[in-house]
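As structure tokens, the structure follows; a few thoughts come after it.
Throughout, residue positions are numbered sequentially from 1 according to the sequence presented.
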Amino acid sequence: TGSGGAGKTRLALQVAAELLRHFSGGVWFVELAPLLDPALVVQTLLTVFKLREDPHAQARRTSLQILQDYLHSKTLLLILDNCEHLIDACAQVSESLLRACPKLKILASSREALGIPGEISYRVPSLKTPGSTHLMHLENPLGIDSIRLFVERGTTAKPDFKLTKENTPFVAQICSRLDGIPLAIELAAARVKVLSPEQIASRLDDRFRLLTGGSRTALPRQQTLRAMIDWSYTLLSDEEKIVFRRLAVFTGGWTLEAAEFVCGEGGEGL
């Protein structure tokens, strides 16, 4: 689990690559982001495994039963990527498959955990960033994950880009202000084609306008910071959106009592 742009998919793929030799049935990747209908989760799995229903069978099995029968004896890792907008369907399908298929393992990436028996949840943290008091004096800046990512992506965008004594404080400031979020750092680093790190840092107050232009082949919500935030907001229920808007009156956090007062039933604090 983790926030948008935290690198959940990349981490899942890296884990899968390192574990591949342990699964004789292979590792199978299922991208769920394009799906809008929860009913299509099972159908998508059938397509991935090249399975289909047999309309001529005397006792017709459901799509889920076909999957269960196929996976029952296989030692296999199934990666379900981007489950958050289909969380209930993914949870139900995952639990049903795991109960019926003793050798099956599932690795799911999502904004929230599936909440099923046997699940172990790991929250992907943001990258390490320099402390605010050390921005001007970094002995080994490339030893900090967020700065190293910025330099790697900056070099991809502009091959002659280099970390120097002059631009290091600004790169550190960028990474710190973006809270070590990989997607945001990558979008910022892509701007070195036309802006210096100092110019990028000075424009971060308007980060929604600045942090655009991600990979054209990426998911639409991963091409700009605003799209990522919009996607996150649409995942909320109507009640959660109300709570979210009411909590926006606070700056620097809040206590449980303050949140209850502002967000309580009837909105007494409004």
Exercise. Does some side-chain heavy atom of D81 sit less than 4.5 Å from a side-chain heavy atom of V30?
Worked result: no
Problem set entry | Worked check of side-chain contact (heavy atoms from CB on, under 4.5 Å) between V27 and L19 | CA-CA 8 Å; V27 175; L19 294 177; 5.7 Å; no
Exercise. Does the pair E186 and L149 meet the rule for a side-chain contact (heavy atoms from CB on, under 4.5 Å), with working shown?
Worked result: CA-CA 7 Å; E186 290 181 343; L149 176 63; 4.0 Å; yes
Exercise. Are I66 and I106 linked, directly or through other ILVMFWY residues, by side chains that come within less than 4.5 angstrom of each other?
Worked result: yes
Exercise. With no hydrogens and no angle check, is any side-chain donor or acceptor of R148 less than 3.5 Å from a backbone partner on L142?
Worked result: yes
Exercise. Would you say the side-chain atoms of S3 pair up with the backbone N or O of A6, donor to acceptor, closer than 3.5 Å?
Worked result: no
Problem set entry | Close side-chain approach of K103 and H72, heavy atoms under 4.5 Å | no
Exercise. Can you find a pair of side-chain heavy atoms, one from L78 and one from F29, that are under 4.5 Å apart?
Worked result: no
Exercise. S109 versus L80: any side-chain heavy-atom pair under 4.5 Å?
Worked result: no
For this session: Report yes or no: does S176 contribute a side-chain atom to a donor-acceptor pair with the main-chain N or O of A172 at less than 3.5 Å?
Result: no
Exercise. Any link between I87 and I79 through a network of hydrophobic side chains (Ile, Leu, Val, Met, Phe, Trp, Tyr) touching at under 4.5 Å?
Worked result: no
Exercise. Does a donor on one side chain and an acceptor on the other come within less than 3.5 Å for D179 and S126?
Worked result: no
Exercise. Can any side-chain N or O of Q65 pair as donor or acceptor with the backbone N or O of T62 at less than 3.5 Å?
Worked result: yes
Problem set entry | Salt bridge present between R246 and E260 (N-O < 4.0 angstrom) | no
Exercise. Can any side-chain N or O of S202 pair as donor or acceptor with the backbone N or O of Q199 at less than 3.5 Å?
Worked result: yes
For this session: Could you state whether L45 and L40 fall into the same hydrophobic cluster, counting links through intermediate Ile, Leu, Val, Met, Phe, Trp or Tyr residues with side-chain heavy atoms under 4.5 angstrom apart?
Result: yes
Exercise. Are W254 and V249 close enough, and set up right, to give a side-chain contact (heavy atoms from CB on, under 4.5 Å), and what steps lead you there?
Worked result: CA-CA 10 Å; W254 58 80; V249 303; over 6 Å; no
Exercise. Can you find a heavy atom in the side chain of S73 that is under 4.5 Å from one in the side chain of P102?
Worked result: no
Problem set entry | Residues N82 and E31: side-chain donor-acceptor under 3.5 angstrom | yes
For this session: Answer whether the closest heavy-atom distance between the side chains of I144 and C175 falls below 4.5 Å.
Result: no
Exercise. Judged by atom type as modelled, is there a donor-acceptor pair below 3.5 Å linking the side chain of H85 to the main-chain atoms of P38?
Worked result: no
Problem set entry | same_hphob_cluster(L32, I116) at 4.5 Å side-chain heavy-atom cutoff | yes
Exercise. For atom CZ of R245, is the number of surrounding heavy atoms from other residues, nucleotides or ligands below 6.0 Å larger than 12?
Worked result: yes
For this session: Could you tell me whether the side chains of E112 and T1 share a donor-acceptor contact shorter than 3.5 Å?
Result: no
Exercise. Does any N or O in the side chain of E119 come within less than 3.5 Å of the main-chain N or O of L114, such that one atom is a donor and the other an acceptor?
Worked result: yes
Exercise. Once you round to the nearest 0.5 Å, how far does CG of L76 lie from SG of C101?
Worked result: 9.0 Å
Exercise. When you measure from the side chain of S110 to the backbone N and O of A113, does any donor-acceptor pair fall under 3.5 Å?
Worked result: no
For this session: Report yes or no: does D69 contribute a side-chain atom to a donor-acceptor pair with the main-chain N or O of R61 at less than 3.5 Å?
Result: no
Problem set entry | Which atom of K128 lies closest to which atom of S146, heavy atoms considered | O-OG, 2.7 Å
Exercise. Are any non-hydrogen side-chain atoms of Q68 and L64 less than 4.5 angstrom apart?
Worked result: yes
For this session: Show your reasoning for whether side-chain contact (heavy atoms from CB on, under 4.5 Å) applies to I185 and I181.
Result: CA-CA 6 Å; I185 292 172; I181 300 173; 5.8 Å; no
Exercise. With the 4.5 Å side-chain cut-off for hydrophobic clustering, are V41 and Y70 part of the same group?
Worked result: yes
Problem set entry | Beyond-backbone contact of F244 with L236, side-chain heavy atoms, under 4.5 angstrom | yes
Exercise. Is it true that a side-chain atom of E240 and a backbone atom of S237 form a donor plus acceptor pair closer than 3.5 Å?
Worked result: yes
